[in-house]
Amino acid sequence: MTYIINIFLGVLGIYFSIGLLFGLYFVIIGATKIDPLMQGTKKKVRFLLLPGVIATWPFLIVKLFKSKSI
């Protein structure tokens with residue numbers, strides 16, 4: 001049973017690590033590519049989005065690649 005828990009926690013750690021890396025990119029650069037209204041927002045406000053971006057990064061990466069401004 002502990003073997004399964006260790007595998008689950010490892011996969012979860014990898015998921016959130018990738019999410020953190022993508023989240024930093026998204027907050028700094030990528031958010032303006034999806035939503036042009038984010039252009040005028042402050043960096044502090046963008047970092048409020050970071051927890052949500054970390055949790056939902058697979059959906060946002062697809063949306064970022066489908067955006068026309070890439």
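Values reported hereafter were calculated over all heavy atoms of this structure, with side chains retained and with hydrogens, waters and symmetry mates removed.
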(message) Restricting to non-hydrogen atoms, name the atom on Leu60 and the atom on Ile34 that form the minimum distance, rounded to 0.1 Å.
(response) O-CD1, 4.2 Å
(request) Can you measure from CD1 (Ile61) to NZ (Lys66) and round to the nearest 0.5 angstrom? (result) 13.0 Å
(request) Find the distance between CG (Leu24) and CZ (Phe22) and round it off to the nearest 0.5 Å. (result) 10.5 Å
(message) For residues 6-18, which residue pairs pass the side chain to side chain donor-acceptor pair (under 3.5 Å) check, not counting sequence neighbours?
(response) none
(message) Under 4.5 Å between side-chain heavy atoms, counting indirect links through other Ile/Leu/Val/Met/Phe/Trp/Tyr residues: same cluster for Ile29 and Leu20 or not?
(response) yes
(request) Would you check if Thr32 and Phe26 make a side-chain contact, meaning some heavy-atom pair closer than 4.5 Å? (result) no
(message) Return the CG to CD1 distance between Leu9 and Ile14, rounded to the nearest 0.5 Å.
(response) 11.5 Å
(message) Listing request: all side chain to side chain donor-acceptor pair (under 3.5 Å) pairs with a residue in residues 49-59, at least two apart in sequence or in separate chains.
(response) none
(request) Would you give the length of the straight line joining atom CG of Leu12 to atom CZ of Phe8, rounded to the nearest 0.5 angstrom? (result) 5.0 Å
(message) Would a single hydrophobic cluster contain both Ile18 and Phe65, if residues Ile, Leu, Val, Met, Phe, Trp and Tyr are joined by side-chain heavy-atom contacts under 4.5 Å?
(response) yes
What donor-acceptor contacts under 3.5 angstrom involve side-chain atoms of residues 41-55, with partners at least two apart or in another chain?
residue, atom, partner, partner atom, Å
Thr41, OG1, Met38, O, 2.8
Thr41, OG1, Arg46, NE, 3.1
Arg46, NH1, Val27, O, 3.3
Arg46, NH1, Ile28, O, 3.1
Arg46, NH2, Met38, O, 2.6

